[in-house]
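Take a look at the structure set out below.
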Number of protein chains: 2
Amino acid sequence: MDDMKLSGGVEWAIHCCVVLSRMDGAVPAGKLAGLHDVSSSYLAKQMQALSRGGLVRSLQGHAGGYVLTRPADQISILDVVQAVEGKQPLFVCTEIRQRGPLGTPPEKCLTHCPIAIAMMTAETAWRDSLNKITIGDLAHQVSSTSGPETFQTIQHWFAGA
Amino acid sequence: MDDMKLSGGVEWAIHCCVVLSRMDGAVPAGKLAGLHDVSSSYLAKQMQALSRGGLVRSLQGHAGGYVLTRPADQISILDVVQAVEGKQPLFVCTEIRQRGPLGTPPEKCLTHCPIAIAMMTAETAWRDSLNKITIGDLAHQVSSTSGPETFQTIQHWFAGA
DNA sequence: GGAGGGGTACTCGGATAAGAGCTGTCCGAGTATCAATGG
DNA sequence: CCATTGATACTCGGACAGCTCTTATCCGAGTACCCCTCC
């Protein structure tokens with residue numbers, strides 16, 4: 001009742017994608033976890049979800065890690081959210097209007113339930129908004145607010161640690 | 001991963017509000033549950049949430065039940081969703097940019113995290129969309145699609161059962 | 001016949017258990033690197 | 001000196017527990033109605 005409805009892993013995944021977009025070469029999940037000081041094993045789970053969703057490509061072996069499959073300008077936040085959380089909508093209509101003693105028979109349900117339509121419309125607005133922002137946009141904003149040297153510092157830290 | 005992120009009770013609560021808006025007098029939770037063929041005890045919990053949120057007023061005693069506190073045109077779907085699900089946002093920024101060895105110090109975080117801003121913007125779009133539809137609108141649409149006699153039939157059923 | 005009082009039945013409200021999903025963790029499968037060896 | 005081959009160390013990937021939250025349920029507190037009694 002008092003915590004967010006989206007997985008906490010969503011935030012981690014987005015941050016990782018932003019970092020990845022400005023790195024040269026692959027970055028293993030362990031280093032991404034160390035950078036953000038989060039559980040290495042659990043972040044690995046999120047990266048697997050991103051891999052399954054086709055957003056990142058995994059390179060195994062000695063100098064392996066994760067790399068974005070597409071340019072950062074072609075990856076929206078919605079893509080990341082859907083990869084981690086699944087494509088299931090926030091609201092699912094269970095057609096309770098068809099249930100109960102006075103339930104509307106299925107043959108009379110020609111149009112969708114008005115409630116479902118309203119919820120779906122709102123959800124579409126949410127998705128459209130998320131779809132307008134790309135990982136590239138976020139990386140640019142991070143550079144502007146936290147300083148242009150931010151990503152370079154991170155890359156050096158990756159090489160060191 | 002494969003079910004909705006919003007409580008299932010949201011759908012029940014909205015349907016109940018729509019029905020309530022066209023009824024004369026109070027309707028007990030038990031009859032609302034019977035009408036929709038759902039768990040009486042669990043729907044009672046949702047109605048309590050609506051009561052706590054100030055959307056409905058509870059009348060105890062022999063001919064008691066629930067009544068809307070405001071005209072249906074002044075109750076938006078957002079009001080119902082927030083009453084049942086809480087006002088906590090879908091996405092909560094945990095400020096992981098401040099964590100880890102390269103974390104940005106708090107004194108340099110003058111502006112909000114770009115990721116949090118993007119998520120909040122999308123969420124605002126979602127809320128705005130939900131805020132535009134009222135229970136009155138939904139009741140009107142139900143009358144149009146399911147027939148004008150729908151609510152009258154329900155009222156008769158309430159009186160009978 | 002009318003008013004008052006008590007009983008009753010019905011209502012909500014919160015406190016109480018079971019189930020599912022998110023959070024967090026572990027170890028096995030696979031591969032590029034590196035070094036050693038032989039030509 | 002260069003190619004081959006094997007060992008190595010590092011990576012991802014999926015399978016395995018702990019815990020919070022949703023789902024579902026029950027019983028007690030409170031109130032309006034109804035009937036019986038008394039005036």
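So you know, we letter chains A, B, ... as the sequences are listed, proteins then strands, and number each from 1.
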Could you list the donor-acceptor pairs under 3.5 angstrom formed by side chains in residues 150-161 of chain A, with sequence neighbours left out?
{"unit_1": "A/Thr150", "atom_1": "OG1", "unit_2": "A/Ser146", "atom_2": "O", "d": "3.0"}
{"unit_1": "A/Thr150", "atom_1": "OG1", "unit_2": "A/Gly147", "atom_2": "O", "d": "2.6"}
{"unit_1": "A/Thr153", "atom_1": "OG1", "unit_2": "A/Glu149", "atom_2": "O", "d": "2.9"}
{"unit_1": "A/Gln155", "atom_1": "NE2", "unit_2": "A/Asp24", "atom_2": "O", "d": "3.4"}

Verify the contact: side-chain N or O of [X] to OP1 or OP2 of [N], cut-off strictly under 4.0 Å; return yes or no.
{"X": "A/Ser51", "N": "D/dC12", "value": "no"}
{"X": "B/Arg57", "N": "C/dC12", "value": "no"}
{"X": "A/Arg52", "N": "D/dG14", "value": "yes"}

(message) Connecting only ILVMFWY residues whose side-chain heavy atoms lie within less than 4.5 Å of each other, what is the rest of B/Leu59's hydrophobic cluster?
(response) B/Val67

(request) Considering only Ile, Leu, Val, Met, Phe, Trp and Tyr, and joining two whenever side-chain heavy atoms are under 4.5 Å apart, list the other residues clustered with B/Ile117. (result) none

(message) Working to the nearest 0.5 angstrom, can you tell me the gap between A/Asp73 CG and A/Asp137 CG?
(response) 6.5 Å

(message) Going by the rule side-chain hydrogen bond (donor to acceptor under 3.5 Å, both in side chains), which residues pair with B/Gln82 if we only count those two or more places apart in sequence or in a different chain?
(response)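 Listed in chain order: nothing, the list is empty.
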
What does the list of N/O pairs under 3.5 Å between the protein and nucleotides 23-27 of chain C look like, with a distance for each?
{"unit_1": "C/dT23", "atom_1": "OP1", "unit_2": "A/Gly8", "atom_2": "N", "d": "3.1"}
{"unit_1": "C/dT23", "atom_1": "OP2", "unit_2": "A/Ser7", "atom_2": "OG", "d": "3.2"}
{"unit_1": "C/dT23", "atom_1": "OP2", "unit_2": "A/Tyr42", "atom_2": "OH", "d": "2.7"}
{"unit_1": "C/dT23", "atom_1": "O5'", "unit_2": "A/Tyr42", "atom_2": "OH", "d": "3.3"}
{"unit_1": "C/dT25", "atom_1": "OP2", "unit_2": "A/Ser39", "atom_2": "OG", "d": "2.6"}

(request) Any pair with a residue in residues 61-71 of chain A that passes side-chain hydrogen bond (donor to acceptor under 3.5 Å, both in side chains), sequence neighbours left out, goes on the list, sorted by first then second residue, please. (result) none

Rounding to an integer number of Å, can you tell me how far [X] [atom1] sits from [N] [atom2]?
{"X": "B/Gln48", "N": "D/dG30", "atom1": "CD", "atom2": "C1'", "result": "14 Å"}
{"X": "B/Phe158", "N": "C/dC10", "atom1": "CZ", "atom2": "C1'", "result": "16 Å"}
{"X": "B/Leu55", "N": "C/dC12", "atom1": "CG", "atom2": "C1'", "result": "17 Å"}
{"X": "B/Leu50", "N": "C/dC12", "atom1": "CG", "atom2": "P", "result": "13 Å"}

(request) Run the salt-bridge test on B/Glu95 and B/Arg99 with the 4.0 Å N-O cut-off and return the result as yes or no. (result) no

(request) Select base, sugar-phosphate, or nothing to describe what B/Ala29 touches, counting heavy atoms under 4.0 Å on all strands. (result)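 Result for B/Ala29 = sugar-phosphate.
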
(message) Quick test of your reading: applying salt bridge (charged side-chain N to carboxylate O under 4.0 Å, His left out), list the pairs with at least one residue in residues 104-122 of chain B, sequence neighbours left out, ordered by first then second residue.
(response) none

Pair up each side-chain donor or acceptor in residues 13-20 of chain B with any protein partner under 3.5 Å, not counting sequence neighbours, and list the distances.
none

(request) Mind listing the residues from residues 58-66 of chain B sitting with a heavy atom below 4.0 Å of DNA chain D? Number order is fine. (result)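 Going residue by residue through residues 58-66 of chain B, the ones with a heavy atom under 4.0 Å of DNA chain D turn out to be B/Gln60, B/Gly61, B/His62.
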
